[in-house]
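Note sheet for the following structure.
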Amino acid sequence: MNNTDEQMRLERERRRKKRQKRRLRARIRRMEVLLLATLFIVLACFLIREHKSAQEQTIEAGRTAASHEDDAKTMPGEKEENEAGASDEQEPDQNPDLADTADLNESLQDEQKAEEAERTEEELRTEETAAEPGDRKLADDDSGEIVLTFAGDVCFHDAYSNMQAYVQRGSDIANCISEKLLTQMRDSDVCMVNNEFTYTTRGEPTAGKTYAFRSKPENVGILKDMGVDIVSLANNHSYDYGEVSLLDTLDTLERAGIPYVGAGRDKKEASGAVTFCKNGIRVTYLSATQIERLDDPDTKGATENSPGTFRCWGKALEDLTDAVRRAKEKEGVVIVYIHWGTENVAQPDWAQLEQAKALAQAGADLIMGDHSHCLQPFANVDGVPVIYSLGNYWFNSKTLDTGLVKVVLSREGLKSYQFIPAVQHNCKTTIADGAEKERILEYMRSISPGISIDADGFVDF
């Protein structure tokens, strides 16, 4: 066993002991509450009995005094009748008192049981959700699951043909992405895409850059129409019109209520995670980019006091693996959405292979790749499901294969992983059916050795 494996084992053991301690503390708290409740009931019963006893003694003393007084006034026969009558009346007087005490005890016990059941239910519910401060809590339901969808690169660049087609088709995304795909995106609990452009009307295009993308800030509403819940900004176009364009993008997304990962106003924000929680399942998203592969890229990396992307090229990979480990210290699934690879090349390059292994060893549970503008293979890397590139999703006018990945998680872990084939053609992305669907699935099988993909696109790693 190498040092990394040993560290991972020790980390898993540490987390297991941490969970055991938390459960033990919860049990101790429940026992303390139960003990205090029991003591309270015993004390209440004792006080009630003492109060009743004092009342009975007072009543008896009064009756005795009255009896002595009557003895002087009545004949012997009458005295016997009165004593008999008193004896007959005394029994009914005592029974209600005892019944009241029993009823009170029973009521207190029932109330205690109800409160204990409520506390236990609340504690179990808290353990199930395992929500942390800052988590985005989604509404629980009876499914016991959380459904996630992932698509690749989208571009709303105003001068691109797909955006021109969008306007010509009535500014309705349903005329640019098929209804079946939109239904999958909208019905999922969390849908994620790569936002590969800026939202701004300011700034100047980066000098010497072949492609510089920007979209009017109001176009952020297209993400909402698509059903997108979170975006990655870790790409080589988040800085296309300079620092101001990235800052405008952050502000635009925040106003729209769409969380982002992979970029920020400083390194802390850029490397930060976003976590969703539903049905007791926590899912944490991180995103980073190794493009451009330069020491001083046009798309600036964030620093301690300047905005930029979360970079993971070269030594900066340690920043990403550290972020994964921090996220993994908290219970839940950690997903890394990463911008990497070589454009228009179907096979992952050496840097993707090395980084995938490093991320898996750091604790990532799912790895989703983008940037190559084409589909790349599925792989099992040290037990972690990987798709090296999701390809373009709705980007330009080119005809190319693409798809949507749908992941269903339960509290026990990964329940299903499905690839839904699609085609981008004539500025529209449409779900693939029939022979077209089988063609794309067969292609993915051919480039993904050791991975099984059935006729419905379900992937077995």
Requested in this report: Using distance alone, with no hydrogens and no angle criterion, decide if Ser215 and Asn219 have a side-chain donor and acceptor under 3.5 Å apart.
Outcome: yes
Report summary line: Arg445 meets the side chain to side chain contact (heavy atoms under 4.5 Å, CB included) criterion, sequence neighbours left out, with Glu438, Leu441, Glu442, Ile453
**Report entry** Check: Lys224 and Ile258 side chains under 4.5 Å, non-hydrogen atoms
**Finding:** yes
Report task. Kindly indicate whether the side chain of Ile222, heavy atoms from C-beta on, has any atom under 4.5 Å from the side chain of Val228. Result -> no
**Report entry** Asp158 and Arg214: CA distance, side-chain angles, deciding distance, salt bridge (charged side-chain N to carboxylate O under 4.0 Å, His left out) verdict
**Finding:** CA-CA 7 Å; Asp158 289 317; Arg214 68 176 173 181; over 6 Å; no
Query raised in the report: Do Gln376 and Gln352 get their side chains close enough for a donor-acceptor pair, meaning under 3.5 Å?
Result: yes
Query raised in the report: Who pairs with Lys357 by salt bridge (Lys or Arg N to Asp or Glu O under 4.0 Å), at least two apart in sequence or on another chain?
Result: Asp382
Query raised in the report: Do Leu366 and Val407 touch side chain to side chain, with heavy atoms closer than 4.5 Å?
Result: yes
Query raised in the report: Which pairs with one or both residues in residues 316-339 pass ring-ring contact (aromatic ring centres under 6.0 Å, His included), sequence neighbours excluded?
Result: His339-His371
Query raised in the report: Step by step, would you call Thr402 with Val423 a side chain to side chain contact (heavy atoms under 4.5 Å, CB included)?
Result: CA-CA 5 Å; Thr402 182; Val423 176; 5.9 Å; no
Query raised in the report: Taking atom types as modelled, is there a side-chain donor on Asn194 or Asn235 under 3.5 Å from an acceptor on the other?
Result: yes
Query - For Asn195 against Leu223, the heavy-atom pair lying closest together - result: OD1-CD1, 3.8 Å
Requested in this report: Let me know which of Thr200, Asp248, Thr201 forms a side-chain contact (heavy atoms from CB on, under 4.5 Å) with Pro217.
Outcome: Thr201
Requested in this report: Using the ring-ring contact (aromatic ring centres under 6.0 Å, His included) rule, collect all pairs that involve residues 253-284, keeping only residues at least two apart or in two chains.
Outcome: Phe276-Tyr285
Query raised in the report: Who passes side chain to side chain contact (heavy atoms under 4.5 Å, CB included) against Thr149, sequence neighbours left out?
Result: Ser188, Cys191, Leu404, Lys406
Query raised in the report: Who are the salt bridge (Lys or Arg N to Asp or Glu O under 4.0 Å) partners of Glu292, not counting sequence neighbours?
Result: Lys209
Query raised in the report: Is there a donor-acceptor pair under 3.5 Å between the side chain of Asp240 and the backbone N or O of Pro205?
Result: no
Query raised in the report: Just wondering, do Ser143 and Asn279 contact through their side chains at under 4.5 Å, heavy atoms?
Result: yes
Requested in this report: Any pair with a residue in residues 429-461 that passes ring-ring contact (aromatic ring centres under 6.0 Å, His included), sequence neighbours left out, goes on the list, sorted by first then second residue, please.
Outcome: Tyr417-Phe461
Report task. Apply side chain to side chain contact (heavy atoms under 4.5 Å, CB included) to Thr275 and list each qualifying residue two or more places apart in sequence or on a separate chain. Result -> Asp135, Arg282, Thr284
Report task. Answer yes or no: is there a side-chain heavy-atom contact under 4.5 Å between Ile335 and Val283? Result -> yes
Query - Set of side chain to side chain contact (heavy atoms under 4.5 Å, CB included) partners for Val345, sequence neighbours left out - result: Thr342
Report summary line: Residue pairs passing the ring-ring contact (aromatic ring centres under 6.0 Å, His included) test with at least one member in residues 145-172, sequence neighbours excluded, are Phe156-Phe197, Phe156-Trp394, His157-Tyr160, His157-Phe213, Tyr160-Phe213
Query raised in the report: Going by the side chain to side chain donor-acceptor pair (under 3.5 Å) test, which pairs reach into residues 446-458, not counting sequence neighbours?
Result: none
**Report entry** Residue pair Ser410 / Glu412, side-chain donor-acceptor N/O under 3.5 Å
**Finding:** yes
Query raised in the report: Quick one: do the Ser306 and Thr303 side chains pair a donor with an acceptor below 3.5 Å?
Result: yes
Query raised in the report: Would Gln424 and Asn162 count as having a side-chain donor-acceptor pair, cut-off 3.5 Å?
Result: no
Report task. Given side chain to side chain contact (heavy atoms under 4.5 Å, CB included), test Phe310 with Glu269 step by step and report yes or no. Result -> CA-CA 9 Å; Phe310 186 22; Glu269 182 182 8; over 6 Å; no
Report task. Report yes if the distance between the aromatic ring centroids of His373 and Phe395 is under 6.0 Å, otherwise no. Result -> yes
Query raised in the report: Counting N and O atoms only, with roles assigned by atom type, does the side chain of Thr299 sit under 3.5 Å from a partner on the main chain of Tyr239, one being a donor and the other an acceptor?
Result: no
Requested in this report: Taking salt bridge (Lys or Arg N to Asp or Glu O under 4.0 Å) as the test, write out the residues that go with Asp295, two or more places apart.
Outcome: none
Report task. Rounded to the nearest 0.5 Å, what's the gap from CG on Leu359 to CD1 on Ile367? Could you check? Result -> 4.5 Å
